Undergrad: 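Before anything else, here's the structure in question.
Quick note on labels: first sequence line is chain A, next is B, and so on, each numbered from 1. What you see is a predicted model; the values in this text were computed from it and never measured.
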There are 2 protein chains.
Amino acid sequence: MLSKKTKYALHALTYLGKHKDEKTVLIQDIAEEHGISHKFLENILLELKKAGMLGSKKGKGGGYYLIKEPKDIPLSRVIRLLDGPIALLPCVSLNYYEPCAECKNEAVCGINRVMIQVRDETLKILENKTLDDILREE
Amino acid sequence: MLSKKTKYALHALTYLGKHKDEKTVLIQDIAEEHGISHKFLENILLELKKAGMLGSKKGKGGGYYLIKEPKDIPLSRVIRLLDGPIALLPCVSLNYYEPCAECKNEAVCGINRVMIQVRDETLKILENKTLDDILREE
DNA sequence: ATAAACCCTATAAAATATATAGGGTTTATG
DNA sequence: CATAAACCCTATATATTTTATAGGGTTTAT
């Protein structure tokens with residue numbers, strides 16, 4: 001399951017996508033719309049910003065805005081950023097690899113091999129679905 | 001990511017699959033093979049047993065054994081049992097459904113819709129991969 | 001009778017996720 | 001140039017979940 005952080009990030013991105021014509025959107029507006037804590041959401045938006053998904057404008061009249069086309073924001077990107085690995089095991093993660101302590105020899109581990117296949121097929125799905133798909137469904 | 005519980009369960013099932021010709025296998029043997037705590041693994045095997053995946057024999061000379069063909073044990077089953085939902089959000093879970101607090105109207109939520117699609121495609125993968133696939137890779 | 005081995009429930013410890021706090025910096029505006 | 005609005009940053013507290021341990025109970029081969 002996705003963490004609340006990731007879920008809230010998706011809601012925020014969706015909100016920003018829906019208000020694309022406005023210059024900026026306030027944290028407060030998104031937080032109120034979805035009943036999310038202002039401060040918690042703020043941390044999330046900052047992470048999205050640092051990752052280059054959002055732009056912001058400081059000072060009075062400022063706020064956040066999308067700096068990418070919704071079709072160029074795949075779910076895989078958001079999930080990796082806020083939740084971490086998409087792979088089901090650390091030993092098959094592309095971006096967060098770690099060996100599994102209980103596995104004597106990864107090279108001949110059937111679980112490892114199958115999980116690589118699962119990872120590749122899952123990635124196909126999550127790289128293919130984008131913010132644009134979400135917006136089209138609203 | 002899968003919990004250690006699920007990961008250990010997969011190792012245990014794999015071990016049992018590899019020792020199919022023996023009548024029973026000791027918890028201790030599996031635990032030692034993978035360096036897992038005996039007691040922790042015991043809880044996991046019990047869950048697998050209650051779920052009808054394993055049989056056991058009590059008393060001296062007892063142990064655990066598979067009671068299903070490896071091809072009839074899909075990853076989806078093991079994951080759901082020990083980790084819970086496969087869906088990425090509670091509001092799209094088939095087996096563990098819960099509404100999302102921050103979502104005013106699930107019926108018109110684009111995130112919900114897309115996550116249903118992701119769930120269905122992910123399920124296809126995890127229902128298709130079985131213990132047999134793991135055993136074949138070893 | 002005894003020891004081996006699974007069965008069951010409760011609790012402790014550790015890790016992670018969630019949320020809060022408090023101030024710092026930037027900027028439009030009058 | 002003073003002010004208020006709004007983002008920026010880091011640290012800490014709280015809650016939840018995961019992981020592990022503990023301690024005995026029950027069954028059965030020998």
Side-chain angles (χ1 to χ4, degrees), chain A residues 1-9 11-12 16 22-32 34-65 67 79 81-85 88-90 96 98 100-102, chain B residues 1-9 11-12 16 22-32 34-65 67 79 81-85 88-90 96 98 100-102:
Chain A
M1 298 264 280
L2 300 178
S3 67
K4 290 195 176 179
K5 249 181 164 174
T6 301
K7 191 165 59 161
Y8 293 164
H11 280 294
L16 288 167
E22 296 160 40
K23 257 187 184 154
T24 64
V25 168
L26 301 186
I27 294 176
Q28 194 52 43
D29 289 350
I30 306 175
E32 272 173 13
H34 295 290
I36 305 172
S37 144
H38 175 110
K39 281 295 199 176
F40 193 43
L41 184 58
E42 187 170 21
N43 288 334
I44 295 166
L45 292 179
L46 266 179
E47 280 198 70
L48 291 171
K49 192 202 160 176
K50 283 181 190 161
M53 282 181 190
L54 300 182
S56 66
K57 192 160 176 298
K58 284 185 190 172
K60 192 174 180 181
Y64 283 96
Y65 51 90
I67 55 176
I79 293 174
L81 183 65
L82 295 157
D83 257 33
L88 292 181
L89 295 180
Y96 298 85
E98 274 183 63
C100 287
E102 80 285 358
Chain B
M1 299 266 277
L2 299 179
S3 68
K4 289 197 176 180
K5 248 181 162 173
T6 301
K7 192 166 56 161
Y8 292 164
H11 280 295
L16 288 167
E22 296 161 39
K23 255 185 182 156
T24 63
V25 168
L26 301 186
I27 294 176
Q28 194 52 41
D29 290 349
I30 306 174
E32 272 173 14
H34 295 289
I36 305 172
S37 143
H38 176 112
K39 281 295 200 176
F40 192 43
L41 184 59
E42 187 170 22
N43 288 333
I44 294 166
L45 292 179
L46 268 178
E47 281 196 70
L48 291 171
K49 191 203 161 174
K50 283 180 189 159
M53 282 181 189
L54 300 182
S56 66
K57 191 161 177 298
K58 283 185 191 171
K60 194 175 180 181
Y64 284 96
Y65 50 91
I67 56 176
I79 293 174
L81 182 66
L82 295 157
D83 257 33
L88 292 182
L89 294 180
Y96 300 85
E98 275 182 63
C100 287
E102 79 286 356

Undergrad: Contact class for A:K7 vs. all strands (heavy atom < 4.0 Å): base, sugar-phosphate, or nothing?
TA: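 If one applies the 4.0 Å heavy-atom cut-off, A:K7 turns out to touch nothing in the nucleic acid.
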
Undergrad: For B:I67 versus B:L54, what's the shortest heavy-atom pair and its separation?
TA: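 Result for this residue pair: CD1-O, 3.6 Å.
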
Undergrad: Does A:G59 or A:S3 map to a spot on DNA chain C nearer the 5' end, using the closest nucleotide for each?
TA: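 Closest to the 5' end, via its nearest nucleotide, is A:S3.
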
Undergrad: Is any side-chain nitrogen or oxygen of A:S56 closer than 4.0 Å to OP1 or OP2 of D:dA6?
TA: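 No, outside the criterion.
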
Undergrad: Return the value, rounded to whole Å, for the distance between atom NZ of B:K4 and atom C1' of C:dT16.
TA: 13 Å

Undergrad: Under the 3.5 angstrom rule, does the side chain of A:T24 hit a backbone N or O of A:G62 as a donor-acceptor pair?
TA: yes

Undergrad: May I have the distance from B:L48 (atom CG) to C:dC6 (atom P), rounded to whole angstrom?
TA: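 The distance from CG of B:L48 to P of C:dC6 comes to 14 Å, rounded to the nearest Å.
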
Undergrad: Just N and O in the side chain of A:Y64: are any of them under 4.0 Å from OP1 or OP2 of D:dC8?
TA: yes

Undergrad: At what distance, to the nearest 0.5 angstrom, does NZ of B:K7 lie from CG of B:L82?
TA: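 One gets 13.5 Å once the value is rounded to the nearest 0.5 Å.
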
Undergrad: With rounding to the nearest 0.5 Å, note down the distance linking NZ in A:K23 to OH in A:Y65.
TA: 10.5 Å

Undergrad: Do we see a donor-acceptor contact under 3.5 Å between the side chains of A:S56 and A:K49?
TA: yes

Undergrad: So if I take every side-chain heavy atom of B:L26 and compare against C:dA5, C:dC8, D:dA5, which nucleotide ends up nearest?
TA: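 Of the candidates, C:dA5 comes closest.
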
Undergrad: Under 4.0 Å, heavy atom to any atom of DNA chain C: which of residues 36-47 of chain B qualify?
TA: B:K39, B:E42, B:N43, B:L46

Undergrad: To check you understand the geometry: which heavy-atom pair defines the closest contact between B:K5 and B:F40, and what is its length?
TA: CG-CZ, 3.9 Å

Undergrad: Please give, in whole Å, the distance from D:dT16 P to A:M1 CE?
TA: 15 Å

Undergrad: Quick one: A:L82 CG to C:dT16 P, roughly how many Å, whole number?
TA: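 So the two atoms are 17 Å apart, to the nearest Å.
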
Undergrad: Check step by step if salt bridge (Lys or Arg N to Asp or Glu O under 4.0 Å) holds for A:E47 and A:K50.
TA: CA-CA 5 Å; A:E47 280 198 70; A:K50 283 181 190 161; over 6 Å; no

Undergrad: How close or far is atom C1' of C:dT16 from atom CG of B:D83, stated in whole angstroms?
TA: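 About 15 Å, once rounded to whole Å.
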
Undergrad: Starting at the 5' end of DNA chain C and moving along, which residue's nearest nucleotide shows up first, A:K58 or A:T6?
TA: A:T6

Undergrad: Find the distance B:I27:CD1 to D:dT27:C1' and express it as a whole number of Å.
TA: 14 Å

Undergrad: Would you kindly give the CG-to-C1' distance between B:L2 and D:dT19, to the nearest whole Å?
TA: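 Answer to the nearest Å: 15 Å.
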
Undergrad: Mind listing the closest non-hydrogen atom pair of B:L41 and B:A12 along with its distance?
TA: CD1-CB, 4.2 Å

Undergrad: Measure the acute angle between the ring planes of B:H11 and B:H34, then classify it against the limits of 30° and 60° as parallel, tilted or perpendicular.
TA: tilted

Undergrad: Taking the minimum atom-to-atom distance to the side chain of A:K57, which one of C:dT27, C:dA4, D:dT19 wins?
TA: C:dT27

Undergrad: In dot-bracket notation, what is the pairing pattern of DNA chain D, taking Watson-Crick (N1-N3 plus N6-O4 or O6-N4) and G-U wobble (N1-O2 and O6-N3) contacts under 3.5 Å, with [ ] crossing and | for other strands?
TA: ||||||||||||||||||||||||||||||

Undergrad: Rounded to whole Å, please give me the gap between NE2 in B:H11 and P in D:dT19.
TA: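 So the two atoms are 13 Å apart, to the nearest Å.
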
Undergrad: Is any side-chain heavy atom of B:Y64 less than 4.5 Å from a side-chain heavy atom of B:L46?
TA: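 In short, these two side chains touch, coming nearer than 4.5 Å.
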
